[in-house]
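Worksheet: the structure to be examined is printed underneath.
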Amino acid sequence: MKTDIEISQAIDLLPIKKVAQSIDLTNNDLELFGKYKAKIDFSTIQRLSKNQEGKLILVTSINPTPAGEGKSTVTIGLGDALNLIGKKTVIALREPSLGPVMGIKGGATGGGYAQLLPMEEINLHFTGDMHAITTANNALSALLDNHIQQGNELGIDVRRIIWKRVVDLNDRALRHVNVGLGGPTQGMPREDGFDITVASEIMAILCLAADLEDLKFRLGNIVIGYTFDREPVSVSDLGVQGALTLLLKEAIKPNLVQTIYGTAAFIHGGPFANIAHGCNSIIATKTALKLGDYVVTEAGFGADLGGEKFLDIKVPNLKKAPDAVVIVATIRALKMHGGVDKKELNTEDVSAMAKGFSNLQKHIENIKSYGLPVVVAINEFINDSENEIVALRELCQSIDVPVELTSVWEKGAQGGVALAKRVTQVIEEQTADFKTIYQNGMNLEDKIKTIVTKIYGGNHVVFSKKARNQLATFEKYGWDRLPVCMAKTQYSLSDDPQKLGRPVGFTITIRELVPKIGAGFIVALTGDVMTMPGLPKKPAALNMDVDKDGNAIGLF
Ligand code: ADP
C-alpha cells in the first residue's frame, strides 16, 4: 500500500474553479489561492443565505485508540460515495494544526483513498488562517502588556491574567515563560505561557461566529483576566475588538478544496476538542449546507466528547441539527475495549470484540437520546477477520441499529457506497427529533451532572474546592447560564483513560472551570488538560523533506 502522500501526489487535481462549478459557484464567488485552493467571498455567503439547506450528516466515533479511528477518513469517503451515487454532497472539516503534523498524530486530511487535496498544502500553511489567528491572539497579548506598561488604567492584576500567547507548534519549552524582564522600559515582569494556536479562544470564536459582526461582539467579550478588585476584564474594556476583527477578516472566510474524487470540501477552523468544542466553523458548515443536498461533517474525539459538544454547543449556534449521525467503530478498538492488549489487536478475537461492543452500544444509546437516527460504520482494516465483522454486524442488528462496512481507505468512493446508501435511506425513512441534553437555563453544576450521568454513564460529580468557589463566582458574574464545554480524556467514557469498555458507577472530578466568555461557554476541566503539547522522541518531522523541485517528502 502506498503512503498517503504517494497516493495524493499521483492524483491530477481539478482546478478549484471546476470543483466550485460542481456546487454551482462561479469564478466570481472565489478568491483564489493558487490553482487548487480558494476562499469564498462574503457577498457569495450572503447571496447563498437565501438557499434551502441540505441534509446534515455528523460523523463521530466510539472512544478511540491513540491512533484515531478514522473519522476524517470515513467523513471524506462517505462524501465521495454519496456523490458517486448521485447525491450532491459537500464535505465540511477542520483545518490541521502544524503541531500535531510535525509531531505524532499526523495530518487531518484523511488517509488512503479518502483524502483531501492538496494534502501537503492543507497540512502546512494552507491559506494562512492559522497565522491570522496566531497573530490576533498575540496582538491581544501585546496590547494587554502595553496597557499595563502605560499605567494600567483598568487596574489589571498581573497575577490574575488568564490570556496566554500562542504558537502553532508543539513546543513544551514555552508552556511557562516570564515576560517583561530587563528593566522598567521592557514592560511589567509577569508570568505568561504559550498554548498551541488551536487552543486559543480566538479559534473557538472564529468557528462559532455567524458573521463579522458576531465575531467582533464575541472577541469583545473575551475575559483576559481580573482587576485587583477581582472583577473580570474583557477585550472590550481594552477597546481592541475592532483591531482583532480586522486581523481576522480574511481568515473567517471558508476555504474550498477537493477530495481525490473531486468532491467539494470546506476546510475551515480547527478548535481543540478538549478545551474547546472541536468542530469546523459555523460559516463553513452553513455555506456547505446552502450548496449541497447532503453535507458530511465531523466532530473531534469520540461521541461522548466531541459529539456531545457538537450537539450541545455547535448545533444551537448553527441552528440546524444533524439529520443522521454516523458512529465510526473499528474492530481493533472494540477489541481494546474488550481487554485485548495493544500489541495483539491484529489477532482475531471475536469474544473480546463482542465484550468491547458495550462501548459502541453506549454511544448509540446516547445519540438516540438526542432524538437522532444512528448508523454504525465499521471502518475496515486489513487485519479484520470475516468472523469479527459478521459478529459485529449481528450485535448491531440485535439492538436494531443499521450498520455497514466501509473500506474507503482502501477502495475510495466505491468502498463507501453501501454506507452512503444506508445513510440516505435512514434520512429518508426516519425523522430526526432533536433535543439538547440540557437546557441553558440550568445552572453549571446541573448541566455538568447531566452530561456525566446521561452521556458518560457515571454516578457522581465531585467539584474541587477551587471549582466550587468558581461556581459561586461565575454565578455572580452571570456566566452560569452558558453551555458547558467538557475537557476529558477521549479514551474512556470516564475521566480515567484506563477504564475502557462501558464503565459504570464511576465518579468524575471537576478540577477547575475556565471561562471562555467570547466563545460563549464554560470549560470544565477533569484531570490535567494539555493546551501546549510536546513532541515525541521521534517526531514525524524526522521523516520530512522536500526535493529540488519543491515536492514534499515523508508527510505521512
Ligand atoms: P480520526 O479522524 O478519527 O482522528 P483519521 O481519519 O485522521 O482518524 O485516521 C487516522 C489514521 O488512520 C490516518 O493515518 C489514516 O490514514 C489511518 N486510517 C484510517 N482508516 C484506516 C483504515 N481503514 N485502514 C488503515 N488505516 C486507516
Side-chain angles (χ1 to χ4, degrees), residues 1-8 58-81 91-97 99-101 103-117 119-120 122-123 198 259-260 265 267 270-274 278-280 296-307 310 326-336 342 345-346 359-360 363 376-385 388-389 392 404-416 418-419 490-491 533 540 543 554-556:
M1 185 80 190
K2 291 181 182 165
T3 62
D4 290 351
I5 194 159
E6 284 165 355
I7 293 170
S8 78
L58 170 65
V59 176
T60 179
S61 78
I62 57 171
N63 293 102
T65 59
E69 290 324 297
K71 282 188 311 290
S72 306
T73 305
V74 171
T75 304
I76 296 161
L78 177 58
D80 284 333
I91 294 164
L93 280 174
R94 286 175 292 168
E95 291 183 45
S97 162
V101 167
I104 193 167
K105 168 75 171 66
T109 48
Y113 288 90
Q115 286 192 59
L116 299 169
L117 304 178
M119 79 86 115
E120 33 193 290
I122 301 170
N123 277 313
V198 287
T259 68
I260 286 181
I267 307 300
F272 252 26
N274 47 27
C279 316
N280 72 291
V296 194
T297 192
E298 179 203 353
F301 294 165
D304 54 330
L305 205 51
F310 186 98
V326 172
I327 304 182
V328 178
T330 58
I331 301 275
R332 56 184 198 149
L334 291 178
K335 284 193 282 196
M336 237 177 100
K342 237 191 268 172
L345 292 177
N346 292 337
N359 183 268
L360 172 58
H363 293 297
V376 171
I378 310 171
N379 179 17
E380 187 180 16
F381 276 67
I382 289 165
N383 291 312
D384 296 348
S385 81
E388 290 169 328
I389 293 169
L392 179 50
E404 291 297 344
L405 190 67
T406 158
S407 46
V408 293
W409 183 82
E410 191 189 347
K411 299 182 185 141
Q414 198 63 47
L419 178 64
Q490 58 170 323
Y491 298 121
N543 303 323
L555 204 57
F556 330 118

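In listed order, ligands and their atoms are each counted from 1.
A donor-acceptor pair shorter than 3.5 Å cannot be found between the side chains of Ser8 and Glu120. Side-chain contact check for Thr109 and Gln115: no donor-acceptor pair (N or O, by modelled atom type) lies under 3.5 Å.
With sequence neighbours left out, Asn346 forms a side-chain hydrogen bond (donor to acceptor under 3.5 Å, both in side chains) with Asn383. Residues passing the salt bridge (charged side-chain N to carboxylate O under 4.0 Å, His left out) test with Glu380, sequence neighbours excluded: none.
Here the shortest heavy-atom distance to atom 9 (O) of ligand 1, taken over Gly70, Gly111, Ser407, belongs to Gly70. Taking each of Pro64, Pro100, Ser72 in turn, the one with a heavy atom nearest to atom 2 (O) of ligand 1 proves to be Ser72.
Within the listing of ligand 1, atoms 3 (O) sit less than 4.0 angstrom from a heavy atom of Glu69. Applying the 4.0 Å criterion to heavy atoms of Asp4 picks out, from ligand 1, the atoms 16 (O). Heavy-atom proximity to Lys71, at under 4.0 Å, picks out these atoms of ligand 1: 1 (P), 2 (O), 3 (O), 6 (O), 8 (O). Atoms of ligand 1 lying under 4.0 Å from any heavy atom of Asn379, numbered from 1 in the order shown and given with element: 19 (C), 20 (N), 21 (C), 22 (C), 23 (N).
Neither the backbone nor the side chain of Val328 has any atom closer than 4.0 Å to an atom of ligand 1 (non-hydrogen atoms only). Under 4.0 Å from ligand 1, the heavy atoms of Glu298 that appear belong solely to its side chain.
For the pair Leu93 and Ile267, the minimum side-chain heavy-atom distance is below 4.5 Å.
Asn63 places a side-chain N or O within donor-acceptor distance of the main-chain N or O of Gln490, the cut-off being under 3.5 Å.
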